[in-house]
Amino acid sequence: MASVSGPAQAAPVSASPLQRGIVKMVLSGCAIIVRGQPRGGPPPERQINLSNIRAGAIARRAAQGQPDTKDIPDEPWAFQAREFLRKKLIGKEVCFTVEIKTAIGREYGMVYLGKDTAGENIAESLVNEGLATVRREGIRGNNPEQARLCELEDQAKASKKGMWSEGGGTHTIRDLKYTIENPRNFVDSSHQKPVNAIIEHVRDGSVVRALLLPDYYLVTVMLSGVKCPTFKREADGTETPEPFAAEAKFFTESRLLQRDVQIILESCHNQIILGTILHPNGNITELLLKEGFARCVDWSMAVYTQGAEKLRAAERSAKERKVRIWKDYVAPTANLDQKDRQFVAKVMQVINADALVVKLNSGEYKTIHLSSIRPPRNEGEEKNKDKDKRFRPLYDIPYMFEAREFLRKKLIGKKVNVTVDYIRAATGPGEGTPAFSERTCATVTIGGINIAEALVSKGLATVIRYRQDDDQRSSHYDELLAAEARAIKNGKGLHSKKEVPIHRVADISGETQKAKQFLPFLQRAGRSEAVVEYVFSGSRLKLYMPKETCLITFLLAGIECPRSSRNTPGGVQVAEPFSDEAMLFTKELVLQREVEVEVENMDKAGNFIGWLHIEGVNLSVALVENALSKVHFTAERSAYYKALVSAEDACRQKKEKIWANYEEKPVEEVVHLSEEKERVANYRPVFVTEIADTLHFYAQDVETGAQLESLMETMRAEIAAHPPVEGSYAARRGDYCLAKFADGEWYRARVEKVESPAKVHVFYIDYGNREVVSSTRLAAMPPAFGTRTLPAQATEYTFAFIQVPQDEDARADVVDCVVRDIQNSQCLLNVEYSGATCPHVTIQFGDTKDDVGLGLVKEGLVMVDVRKEKHLQKIVTEYLNSQESAKSARLNIWRYGDFRADDADEFGYRR
């Protein structure tokens, strides 16, 4: 730009007062922009052209969108004149007088460096250096300032300074480059070394136009890692500033405009060069953030070379002070007390690969989600594969198991530092997205290591991307992004090009046949390694066997642990006292820990039974020692029986927990049966309800009959009030249920076999009869009417001292006789000796007290089963005498004489 003394139509300003300002910008060798002091916003500014002199015009780029215009180069010595003034004046205080003001408002005057006219006259300095010419036309002889300029110009010519030097000045014309063909290569070629530059223009607080030296590239540079409020261009061409946009622009202008700086060119994004501007007084990027004029941006933060943590810290400082763009800022954890924001806790469980259950010092349990990371997940079509197969995320999602194991091995049982970053509010279910409860998201460290960062760096999790204004993110978000970039570069985990690991884990929980096949291997293995995956109750666990790659349900041997509450088809089964404490004890001791198990046996449901050891502690013994379990009689055969009994005795004496209400029974005098000479007859009344074809029969104790009647009455009233939905019950073998009998009434039953929904074999537990029914006649048994409230009332017995005929006709005769005599009648029963499946008894008619079995022998319907016990010899002799009488009278089976010599098998008898 050139400046000349005022044209003819300009009017001189009379007695212009001396004015002061700060030089904001030097437009050319003879024009500057002066600003005032800021008061509540950017200050006013005005352009002052130097009177009576002319400097060369600075280069101008052709107008964009006008193909007829061309770039105009520098005039000789124009840039040097501009630089002379720039270095002398930028940011300095000057005083000036306005001598002439044109009709269009252009002002011409004298400018002095400093606070008064005693300072350096800028026009004279330019002329003296040969960087400007004096406009001699129209000079009045009586003007000493103009005369002084002419004198200085003559001296410069004589000294051949500046434009008066030999050679014409073509060497002073810059070769300006407005465009760069390949910005990315250009940036890479600088190798992130500082490049000298002059800031020529400030578009907004974080975007500038810079002249790169010494090659005169004019480039637009966006500050890496930050963004300031901008000026939005409207459709009509006007610009609307965002809040604090003008202030941010002034902040950058007042510090950088036309200053000598160094720029680190860091990256190129969509033809825009990203960089960091270094000034001797500091880093403008950090200053903008600290003063609340800018916010951090993730997409360019990754290329920032001066330490992203410094930028985050500067932004955090502005947020805490609530300055400028953060004036309405509310921290994500503002509602939390300090003790809830930062605390030490013990890790109890790893959930999937992005959440932990921790135990606080208060004993409370809390679920913590790792901030800003996403665990491995199924993508696209893989979700729909194998629809028939039960989906198990831990094993079926690639890298989920590796991620969980990484966290489990590092953290379980360890104390960690938790810093809460934000609370993610609960969300309702959306289209294709599940509902999530409120989440506490935090940065978790152990030994100074950020667990989330370690997980991401191994490629076992990815970093969540956020909207720019979303402040709910990790306090170490940049480290997470850097870790992810390293994992991608090195092809780790999820970012690997290799085939994904497959975990074929067989779940044999409840699979009876598979469990039977697997049992011998586990029994022979002795102690096997396992990981506790889940704790159902104090004594029931799910284990992962790494060597066998299978999941099993494991029951602790030797103890009887309180049962937890369970959801049953009939409702929630109430938990036994101390069941929750027992489960918590087991969880704290073994959940997700590596343990050793000794498998001894399995139950009919396919669950393995045995002993579990963790770090030398037997879990069964530990539960008994803590008064959370009782010793089961099956422990008598084990090597741990003494330890169990000793622990139980100690707790029983202290009356702790499950033994709180224990009362010792008085010691009864033991009667040694071995010394007994006579049989003891202790007959009790029973009601015979069912007689089987094998001559086994079922009977109820008369003493508990009233309880049964009361229970049945209450149960039927409950069913009448809340009838079960027909067909809603899914029968499973071994389950207790309710069944509707032929009389239309409901009875308690047990499922023995399920052929199909239409054919379910049930056993009526209070009466002993069996029936095949449709599942529509079955319903879930409410817990209030279960066997814990009242045990099954039908007990199985068989006759003592007699052999049942194997011949079908003969046996049918016996059964018919017994049914006719005692079924559905009250009798007296005495247990004589135990058998393989049930007690052997003698039974008497309720009225006559006659022995029913002896009567069968007398009628020749059965043979005597001779017992050798001494105390039974008297009754055995009586039976044998009756048999001889029947044989002599040739009654029934003896009608052809004594057939038992050589042909017993032929007749279907055995001795």
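It should be emphasised that the depicted structure is a prediction, and the values quoted were computed from it without experimental measurement.
- Defined by atom type and a distance below 3.5 Å, a donor-acceptor pair is present between the side-chain atoms of Thr220 and Arg209.
- The heavy-atom pair separating Gln192 from Ile264 by the smallest distance is O-CG2, 3.6 Å.
- Relative orientation of the Trp299 and His269 rings is tilted, given thresholds of 30° and 60° on the angle between their planes.
- Interatomic distance, Thr230 OG1 to Phe244 CZ, rounded to the nearest 0.5 Å: 14.5 Å.
- The two residues Cys95 and Thr117 make their nearest non-hydrogen contact at SG-N, 3.9 Å.
- In this structure, Glu315 does not pair ionically with Arg295, as no charged nitrogen and carboxylate oxygen lie closer than 4.0 Å.
- Put simply, the side chain of Ser51 gets close to the backbone of Gly109: a donor and an acceptor are under 3.5 Å apart.
- Between atom CD of residue Glu153 and atom NZ of residue Lys161 there is a gap of 13.0 Å, rounded to the nearest 0.5 Å.
- The OG atom of Ser372 sits 10.5 Å away from the CG atom of Asp478 when rounded to the nearest 0.5 Å.
- Screening residues 244-271 for salt bridge (Lys or Arg N to Asp or Glu O under 4.0 Å) gives Lys24-Glu253, Arg86-Asp260 as the qualifying pairs, with residues at least two apart or on separate chains.
- With respect to Ser267, the side chain to side chain contact (heavy atoms under 4.5 Å, CB included) criterion is satisfied by exactly one of Ile272, Thr305, Val303: Val303.
- For Arg61, the CZ atom sits in a packed shell: over 12 heavy atoms of surrounding residues, nucleotides or ligands are nearer than 6.0 Å.
- For the atom pair SG of Cys268 and CZ of Phe186, the computed distance is 10.5 Å after rounding to the nearest 0.5 Å.
- Rounding to the nearest 0.5 angstrom, the gap separating the CD1 atom in Ile199 from the OG1 atom in Thr252 is 10.0 Å.
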The test is side-chain contact (heavy atoms from CB on, under 4.5 Å); show your working for His476 and Glu453 and say whether it passes.
CA-CA 9 Å; His476 295 77; Glu453 185 182 349; 5.8 Å; no
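- With sequence neighbours excluded, the residues satisfying side chain to side chain contact (heavy atoms under 4.5 Å, CB included) with Ile488 are Glu484, His495.
- Within 6.0 Å of the NZ atom in Lys232, the count of heavy atoms belonging to other residues, nucleotides or ligands does not exceed 12.
- With Thr285 as the fixed residue, the side chain to side chain contact (heavy atoms under 4.5 Å, CB included) test singles out one of Leu311, Ile277, Leu278: Leu311.
- Note that the CZ atom of Arg473 and the CG atom of Asp421 stand 11.0 Å from one another [nearest 0.5 Å].
- Cation-pi geometry between Lys322 and Tyr329 is not met at under 6.0 angstrom from the ring centre and within 45 degrees of the axis.
- One finds a salt bridge joining Asp298 and Arg312 here, because a Lys/Arg side-chain nitrogen approaches an Asp/Glu carboxylate oxygen to under 4.0 Å.
- Residues Gln306 and Thr276 bring no donor and acceptor atom of their side chains to less than 3.5 Å of each other.
- Atom CD of Glu181 has 12 or fewer neighbouring heavy atoms from other residues, nucleotides or ligands inside a 6.0 Å radius.
- Summarising the geometry of Ala59 relative to Leu176, their closest heavy-atom pair is CB-CD1, 3.7 Å, with the distance given to 0.1 Å.
- Between His171 and Trp77, the closest side-chain pair of non-hydrogen atoms falls below 4.5 Å.
- Heavy atoms only, all atoms of each residue included: Pro229 and Ala248 are closest at CD-CB, 4.3 Å.
- The 12-atom threshold is not exceeded at CZ of Arg203, counting heavy atoms of other residues, nucleotides or ligands nearer than 6.0 Å.
- Nearest heavy atoms, Val26 versus Ser28: CG1-O, 3.1 Å.
- Classification of Lys88 and Glu129 as a salt-bridged pair fails, no side-chain N sitting under 4.0 Å from a carboxylate O.
- By the ring pair (Phe, Tyr, Trp, His ring centres under 6.0 Å) test, Tyr477 is found to be paired with Tyr466, residues two or more places apart in sequence or in another chain being considered.
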